[in-house]
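Below, read A as the first sequence line, B as the second, and so on, with proteins coming before strands; counting in each chain starts at 1.
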Number of protein chains: 2
Amino acid sequence: MQTTDADGTLAGELSLAVVRFARRLRGRRDNRLVSLTQLSALNTLHVEGPMTPGALAAAERVRPPSMTRVIASLSDLGMIKRDPHPTDGRQAIVTLAPAGVDMITAEAAARKAWLSDRLAELTPDEQATLRDVIGILNKIIAGADD
Amino acid sequence: MQTTDADGTLAGELSLAVVRFARRLRGRRDNRLVSLTQLSALNTLHVEGPMTPGALAAAERVRPPSMTRVIASLSDLGMIKRDPHPTDGRQAIVTLAPAGVDMITAEAAARKAWLSDRLAELTPDEQATLRDVIGILNKIIAGADD
DNA sequence: TATTGTTATACTCTATAACTATA
DNA sequence: TATAGTTATAGAGTATAACAATA
């Protein structure tokens with residue numbers, strides 16, 4: 001077993017595998033009411049609580065204009081609400097609405113419906129590896145502050 | 001440690017982590033000459049050899065019209081070439097050109113330049129977990145034939 | 001008729017640049 | 001002037017539907 005990645009093989013193969021997997025995730029979902037991008041924003045609001053559009057953009061690692069559109073679409077769907085910032089008129093506070101909480105719950109079930117079928121075909125060791133990799137991926141994402 | 005995913009937690013968290021990681025991969029690359037989607041197609045041609053557009057679409061898990069566009073862009077860049085099928089006038093054979101091979105090599109180095117920095121911050125165990133997960137993700141992708 | 005591939009069209013996600021409003 | 005956010009615009013990636021060419 002290697003302990004370093006001097007030749008970049010791990011970086012390369014990991015990139016391609018993740019891109020293909022993400023493509024499958026986006027394309028294979030049954031519930032088309034919200035996209036995975038929208039769901040990711042809802043999830044962040046659920047985990048971290050209400051925040052400004054700028055903070056949400058930073059948390060999601062997208063640019064503010066991109067988050068503006070995500071917020072607008074989720075607001076149209078009634079899944080979040082926008083309130084004025086108490087002290088700064090430029091900012092706003094984005095809060096998860098009850099419909100947004102319901103969507104998170106429903107989407108978790110929808111993903112389970114197909115991905116869990118795939119996961120069920122894996123060995124317990126493989127499932128454990130996937131569980132471990134979630135934290136590692138999040139660590140890489142969080143560390144990529146350049 | 002759990003050995004099943006009855007509540008869908010693994011499916012949900014894995015989905016969100018992978019989507020965010022893929023977003024970072026797409027946005028953070030320095031070499032903008034080819035996209036990760038294009039690179040993935042080049043890589044498949046490199047690993048599996050020349051094939052028809054339909055076969056390449058199937059291998060990449062995208063629809064034929066999507067692959068038509070990827071092939072057109074790579075052909076414009078001189079990284080692949082299209083030849084007539086020897087026996088079936090409807091089909092074509094897509095082959096990796098020398099410039100495509102060079103691009104695969106260059107891109108592997110470019111990815112290494114930034115992702116390896118992140119990987120270097122991980123423990124050997126974490127790197128080994130990532131190495132294991134590549135095969136698991138590919139297994140899931142391959143199995144999702146519904 | 002069935003298959004392969006392309007064209008036409010549309011939608012989502014993301015970005016940069018320019019702008020408005022507020023601090 | 002500086003900051004937060006939106007609007008305008010553009011480009012990549014993907015899809016479905018309709019079409020053309022060939023089997």
Chemist: We want to know whether A:R23 and B:S66 form a side-chain donor-acceptor pair, criterion being a heavy-atom distance below 3.5 angstrom.
Modeler: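 No - no donor-acceptor pair under 3.5 Å links their side chains.
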Chemist: Among the nucleotides D:dT16, C:dT14, D:dT6, which one has an atom lying closest to any side-chain atom of A:V62?
Modeler: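 Nearest to the side-chain atoms of A:V62, counting from C-beta on, is C:dT14.
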Chemist: For B:T52, answer base if it contacts any base atom (sugar-phosphate contacts may also be present), sugar-phosphate if it contacts only those atoms, and nothing otherwise; contact means non-hydrogen atoms under 4.0 Å.
Modeler: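 Result for B:T52 = sugar-phosphate.
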Chemist: Students often get this wrong, so: under 4.0 angstrom with heavy atoms, is A:A92 touching a base, only sugar-phosphate, or nothing?
Modeler: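 Answer is sugar-phosphate: A:A92 comes under 4.0 Å of backbone atoms only.
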Chemist: Taking only side-chain nitrogens and oxygens of B:S66, does any of them come within less than 4.0 Å of OP1 or OP2 of D:dA15?
Modeler: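 For D:dA15, OP1/OP2 do have a side-chain N/O of B:S66 under 4.0 Å.
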Chemist: Ignoring hydrogens and angles, tell me if any N or O in the side chain of A:T68 forms a donor-acceptor pair with the backbone of A:P64 under 3.5 Å.
Modeler: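 Answer holds: yes.
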Chemist: Applying a 4.0 Å non-hydrogen cut-off, can you work out what B:P53 is touching in the nucleic acid: base, sugar-phosphate, or nothing?
Modeler: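 The answer is sugar-phosphate, as B:P53 gets under 4.0 Å only of primed atoms, P, OP1 or OP2.
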Chemist: If you take all heavy atoms of B:Q127 and B:A120, which pair is closest and at what distance?
Modeler: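 Scanning both residues, the minimum pair turns out to be NE2-CA, 4.4 Å.
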Chemist: Below 4.0 angstrom from OP1 or OP2 of C:dC13, is there any side-chain N or O of B:R23?
Modeler: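 No, outside the criterion.
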Chemist: CG of B:L56 versus C1' of C:dG5: gap in Å, rounded?
Modeler: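 So the CG-C1' distance, B:L56 to C:dG5, works out to 13 Å.
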Chemist: Over how many whole Å does the gap from B:M67 atom CE to D:dA12 atom C1' extend?
Modeler: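 After rounding, the gap between these two atoms is 14 Å.
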Chemist: For the CG atom of A:L14 and the CD1 atom of A:I140, what is their distance to the nearest 0.5 Å?
Modeler: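 If we round to the nearest 0.5 Å, A:L14:CG and A:I140:CD1 are 6.5 Å apart.
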Chemist: Output the rounded distance in Å from CD1 (B:I93) to C1' (C:dT4).
Modeler: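 One finds 12 Å between C1' of C:dT4 and CD1 of B:I93, rounded.
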Chemist: On DNA chain C, does the nearest nucleotide to A:P64 precede the nearest nucleotide to B:R82 from the 5' side, or the other way round? Give the residue.
Modeler: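 Nearest-nucleotide comparison on DNA chain C picks B:R82.
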Chemist: Only one of B:T44, B:T95, B:I93, B:V94 forms a side-chain contact (heavy atoms from CB on, under 4.5 Å) with B:M51, so which one is it?
Modeler: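 Of all the options given, the one that passes is B:T44.
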Chemist: Rounded to the nearest 0.5 Å, what's the gap from OG1 on A:T123 to CG on A:D125? Could you check?
Modeler: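 Here the rounded value is 5.0 Å.
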Chemist: Distance check: side-chain N/O of A:S73 vs OP1/OP2 of C:dT12, anything under 4.0 Å?
Modeler: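 Answer is no, no contact under 4.0 Å.
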Chemist: Side-chain N or O of A:T37 less than 4.0 angstrom from OP1 or OP2 on C:dT14?
Modeler: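 Yes, because at least one side-chain N or O of A:T37 sits under 4.0 Å from OP1 or OP2 of C:dT14.
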Chemist: Whole Å only: how far is the CZ atom of B:R20 from the C1' atom of C:dT14?
Modeler: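 Answer to the nearest Å: 16 Å.
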Chemist: Taking CZ from A:R24 and C1' from D:dG13, how many angstroms apart are they, rounded to a whole number?
Modeler: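 Rounding to the nearest Å, CZ of A:R24 and C1' of D:dG13 are 16 Å apart.
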Chemist: In whole Å, I'd like the distance from the CE atom of B:M51 to the P atom of C:dG5.
Modeler: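 These atoms are roughly 12 Å apart.
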Chemist: Of the nucleotides C:dG5, D:dT7, C:dT7, which one has an atom closest to the side chain of A:T68?
Modeler: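 Ranking C:dG5, D:dT7, C:dT7 by closest atom to the A:T68 side chain puts D:dT7 first.
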Chemist: Does this structure show an ion pair linking A:E121 with B:K139, if we count only N-O contacts that are shorter than 4.0 Å?
Modeler: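 Salt bridge absent between A:E121 and B:K139.
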Chemist: Of the non-hydrogen atoms in B:L39 and B:I104, which two are nearest, and what is the gap between them?
Modeler: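 What the structure gives for the nearest pair is CD1-CA, 4.3 Å.
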Chemist: Closest nucleotide of DNA chain C for B:I71 versus for A:R69: which of these residues is on the 5' side?
Modeler: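 Its nucleotide being nearer the 5' end, the pick is B:I71.
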Chemist: All N/O contacts under 3.5 Å from nucleotides 21-23 of chain D to the protein, with atom names and distances to one decimal?
Modeler:
unit_1: D:dT22; atom_1: O3'; unit_2: B:G89; atom_2: N; d: 3.4
unit_1: D:dA23; atom_1: OP1; unit_2: B:G89; atom_2: N; d: 2.8

Chemist: Please determine if a side-chain N or O atom of B:S35 lies less than 4.0 Å away from the OP1 or OP2 oxygen of D:dG13.
Modeler: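 True: B:S35 side-chain N/O within range (under 4.0 Å) of D:dG13 OP1/OP2.
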Chemist: Between B:R63 (CZ) and D:dT16 (P), how many Å, whole number?
Modeler: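 Atom CZ in B:R63 sits about 5 Å away from atom P in D:dT16.
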Chemist: May I have the distance from A:H85 (atom NE2) to D:dG5 (atom C1'), rounded to whole angstrom?
Modeler: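 For the pair A:H85 NE2 and D:dG5 C1', the rounded distance is 13 Å.
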